[in-house]
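Here is the structure we will look at, set down as structure tokens.
Below, chain A is the first sequence line, B the second, and so on; all start at residue 1. As the structure is a computational prediction, the values presented were derived from the model and not from experiment.
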Amino acid sequence: MAIHNNEIASALERLADLLDIEDANPFRVRAYRNAARTVGGYSRSMADMVEHGEDLSKLPEIGKDLADKIKTMVETGKLPVLNEAESRTPPALSDLMKIEGLGPKRVKILYQHLDIHSLEDLKRAANKGKIRELEGFGKKTEAMIKQRVERYSGAEKRTKLLVAQEVASALIKYLKRSQGVKQITVAGSYRRRKETVGDLDILVSAKKGSTVMTRFVNYEEIIEVISQGKTRSTVRLQSGLQVDVRVVPQVSYGAALHYFTGAKAHNIAVRKLGVKQGYKINEYGVFEDDKRIAGKTEAEVYQAVGLPYIEPELRENRGEIEAARKGKLPQLITQDELCGDLHAHTKASDGHHSLRQMAEAAAQLGYQYLAITEHSHRVTVANGLDKTRVLKHIKEIDKLNAQLDDIQLLKSIEVDIMEDGSLDLPDDVLAQLDLTVCSVHYKFNLSRTQQTERILKAMDNPHFNILGHPSGRLINEREPYDVDLERLMQGAKERGCFVELNAHPDRLDLTDDACLLAKEIGLKVAISTDAHSTNDLDFMHFGIGQARRGWLTADDVINTRPLNQLKRLLRRD
DNA sequence: GCCGTTTTCGGCCCGACTGTTTTCAGTCG
């Protein structure tokens with residue numbers, strides 16, 4: 001089994017932790033962390049790149065040394081420097097650093113003076129009151145450690161964007177009632193439209209920061225106030241979500257928004273550009289000596305370092321700064337460029353509304369078309385349609401279309417891809433449809449090769465148009481099936497097929513990296529909601545956010561085309 | 001360990017908050 005990018009990234013991260021505890025050169029430690037971030041967030045697999053003989057040292061933050069180390073990991077599965085570090089320093093010390101408030105210095109002291117090797121040791125020492133006796137520690141620190149080690153559950157859980165949105169909008173409504181508030185924005189990965197968020201970063205401009213903070217820390221859903229200051233406070237909510245609120249003066253709002261939107265690596269890169277030009281950039285503005293020369297808007301900050309405005313979804317330091325410098329930023333797709341939605345269910349299978357209700361809801365959104373894609377027979381739990389019912393459904397759609405003015409329903413089906421690569425309906429039925437969405441719902445556990453061959457074979461069917469939710473994952477709930485996505489995308493491109501970006505907030509399948517990969521390959525994408533009710537049609541904005549993170553433009557997306565153009569694109573001959 | 005439109009050596013982003021301290025180190029984002 002080929003090693004995954006995230007395994008390489010976590011090995012580098014672990015190595016950085018151990019070296020940090022050993023008091024190694026902090027810049028070397030940072031170099032490992034930077035490299036881990038590059039590898040973890042890269043759109044193509046290191047294993048594939050090594051196999052193709054590509055030069056890894058061309059990647060940002062990866063030099064000759066790290067390129068060799070990554071190559072070794074791909075080829076042997078081992079990172080010798082990590083093994084050496086683990087023989088000098090107990091590996092579990094890296095786990096201790098996952099406890100909030102424990103960094104390398106404290107972990108080292110705990111290890112050297114109390115012989116603490118593990119989370120268990122730490123818990124015991126805290127309970128016995130040993131930690132407060134250490135120099136630099138005290139009662140409060142001990143209590144903090146005790147509380148957090150109890151609550152620590154291992155895997156850090158990120159919150160899905162839909163849930164974050166619900167929490168954020170309630171909190172914003174509450175904060176807006178604070179006196180003197182001028183602007184509020186949810187920044188951080190939420191603003192970058194990342195599919196999950198680790199915490200919420202809320203930026204506020206107000207006459208008096210302390211008034212806002214007092215109100216904030218009294219929010220009823222708070223279970224712990226982690227820190228409280230005049231300009232910044234951090235709390236944890238009952239839901240487990242951590243929320244940071246920061247207050248800045250209006251004149252700094254743009255600089256602060258830029259700073260708190262991140263991503264961190266993007267900010268660092270922008271700051272470095274500033275330093276080169278003799279500026280200091282922080283959350284209060286861009287400074288030349290002690291004079292503020294920019295910062296009221298984000299555009300001003302970028303302008304100061306000679307760049308055009310960069311959209312939040314692009315700020316991940318994966319080439320956007322270079323692209324901006326060359327004037328090659330993509331014109332990111334916007335929701336109003338869409339002409340329709342290509343994946344929706346009705347009561348006929350497992351949806352909640354009728355054909356007419358779905359059509360009217362889609363017309364309300366200004367769409368020209370909506371594809372009706374019931375499940376096929378194989379998906380019995382979703383009341384999938386067999387041949388007879390599909391033919392009947394087609395007639396009903398024709399009848400309704402004759403009555404509709406503003407919108408057309410497209411005759412379609414979400415047909416199952418069977419284990420042998422055939423489709424779950426006969427060709428003569430598929431031939432009568434406007435398009436097909438073809439999906440895998442069973443047999444997730446095939447080998448990578450088998451799964452890839454299965455789907456490629458399905459694409460050989462001339463009626464195959466769009467590969468639905470291509471990885472099958474459910475965020476935080478179900479891992480994707482193992483498949484060679486790059487090969488699938490190449491195969492789709494060669495055959496005149498497309499891939500779906502399923503906009504459902506539990507799926508968001510393609511990932512942002514996969515969107516980048518599709519774009520690189522030149523494969524066009526359908527952004528579809530997979531709506532099971534009229535309300536679900538509004539999930540489209542999640543898909544748009546993900547597409548924008550994947551650098552997609554209107555041209556890269558097929559459902560930006562008016563109906564006649566779409567039909568031409570879907571023809572495979 | 002990475003990086004370079006002043007550099008292949010000598011830099012490496014910057015500020016807020018906490019707790020334990022009497023002026024600051026550690027941690028975090």
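- Between the side chain of Tyr259(A) and the base of dG29(B), at least one donor-acceptor pair of N or O atoms lies under 3.5 Å.
- Note on residues 64-82 of chain A: pairs passing side chain to side chain donor-acceptor pair (under 3.5 Å), not counting sequence neighbours, are Lys64(A)-Asp68(A), Asp65(A)-Lys69(A).
- Under 4.0 Å is where a charged nitrogen must lie from a carboxylate oxygen, and between Glu61(A) and Arg37(A) no such pair does.
- Sorted by residue number, the members of residues 104-120 of chain A with any non-hydrogen atom under 4.0 Å from DNA chain B read Pro104(A), Lys105(A), Arg106(A).
- Note on Lys280(A): a side-chain N or O is less than 4.0 Å away from OP1 or OP2 of dG15(B).
- Taking 4.0 Å as the cut-off between side-chain N and carboxylate O, Lys108(A) and Asp20(A) do not count as a salt-bridged pair.
- Within the 4.0 angstrom heavy-atom criterion, no nucleotide atom of any strand lies near Glu142(A).
- Using bins of under 30°, 30° to 60° and over 60° for the plane-to-plane angle, the ring pair Tyr219(A)/Tyr174(A) lands in the tilted bin.
- Scanning residues 5-21 of chain A for heavy-atom distances under 4.0 Å to DNA chain B yields an empty list.
- Remark: Glu13(A) engages Arg33(A) in a salt bridge, criterion side-chain N to carboxylate O under 4.0 Å.
- Comparing dC14(B), dG29(B), dC12(B) against the side chain of Val275(A) picks out dC14(B) as the nearest.
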Exercise for the section: Decide yes or no on side chain to side chain donor-acceptor pair (under 3.5 Å) for Gln331(A) and Thr553(A), but give the supporting numbers first. Expected result: CA-CA 6 Å; Gln331(A) 182 72 41; Thr553(A) 68; over 6 Å; no
Practice task
Run the numbers on Gln179(A) and Thr211(A) for side chain to side chain donor-acceptor pair (under 3.5 Å), then give the verdict.
Solution key: CA-CA 7 Å; Gln179(A) 265 198 339; Thr211(A) 318; over 6 Å; no
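- At whole-Å resolution of the value, CZ in Phe260(A) and P in dC28(B) are 17 Å apart.
- A close approach under 4.0 Å does occur between a side-chain nitrogen or oxygen of Lys69(A) and OP1 or OP2 of dG1(B).
- For Phe27(A), the side-chain atoms get nearest to dC12(B) when compared with the rest of dC12(B), dG29(B), dG15(B).
- Between Gln228(A) and dA16(B) there is no side-chain N or O to OP1 or OP2 distance below 4.0 Å.
- Between Glu479(A) and Arg473(A) there is no salt bridge, since none of the side-chain N atoms of the basic residue sits less than 4.0 Å from a carboxylate O of the acidic one.
- A close approach under 4.0 Å does occur between a side-chain nitrogen or oxygen of Arg28(A) and OP1 or OP2 of dG1(B).
- Taking the charged nitrogens against the carboxylate oxygens, Lys291(A) and Glu288(A) have no contact shorter than 4.0 Å, which rules out a salt bridge.
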Fill in the blank from the handout: With B for base contact, S for sugar-phosphate-only contact and - for none (protein heavy atoms under 4.0 Å), nucleotides 2-7 of chain B reads SS----
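- Summarising the base pairing, dT8(B) is matched to no nucleotide, lacking a Watson-Crick or G-U wobble pair whose two defining distances lie under 3.5 Å.
- The side chain of Ser227(A) lies closest to dT18(B) when the candidates are dT18(B), dA16(B), dG29(B).
- Residue Glu100(A) places its side chain closer to dC28(B) than to any other of dG19(B), dC28(B), dA16(B).
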Show the atom names and distances, to 0.1 Å, of all donor-acceptor pairs under 3.5 Å that link a side chain in residues 123-138 of chain A to residues at least two apart or in another chain.
residue	atom	partner	partner atom	Å
Asn127(A)	ND2	Lys123(A)	O	3.3
Arg132(A)	NE	Glu142(A)	OE1	3.0
Arg132(A)	NH2	Glu142(A)	OE1	3.0

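- For dC17(B), one of the phosphate oxygens OP1 or OP2 lies less than 4.0 angstrom from a side-chain nitrogen or oxygen of Thr231(A).
- To the nearest angstrom, P of dT27(B) lies 18 Å from CG of Asp244(A).
- Contact of Asn25(A) with dG1(B) (side chain to base): a donor-acceptor pair of N or O atoms is detected under 3.5 Å.
- Regarding Asp23(A), its CG atom lies at a distance of 13 Å from the C1' atom of dG26(B), rounded to whole Å.
- Electrostatic pairing of Glu54(A) and Arg44(A) counts as a salt bridge here, judged by a charged N lying under 4.0 Å from a carboxylate O.
- If you check dC17(B), dG1(B), dT20(B) against the side chain of Thr141(A), the one that comes closest is dT20(B).
- Classification of Arg448(A) and Glu486(A) as a salt-bridged pair fails, no side-chain N sitting under 4.0 Å from a carboxylate O.
- The pair Glu298(A)-Arg315(A) counts as a salt bridge, with a side-chain nitrogen and a carboxylate oxygen less than 4.0 angstrom apart.
- Taken residue by residue, residues 179-187 of chain A places no heavy atom nearer than 4.0 Å to DNA chain B.
- Ser169(A) contributes a side-chain N or O that, together with a main-chain N or O of Glu166(A), makes up a donor-acceptor pair within less than 3.5 Å.
- Close placement of the Tyr111(A) and His117(A) rings is indicated, their centers lying within 6.0 Å of each other.
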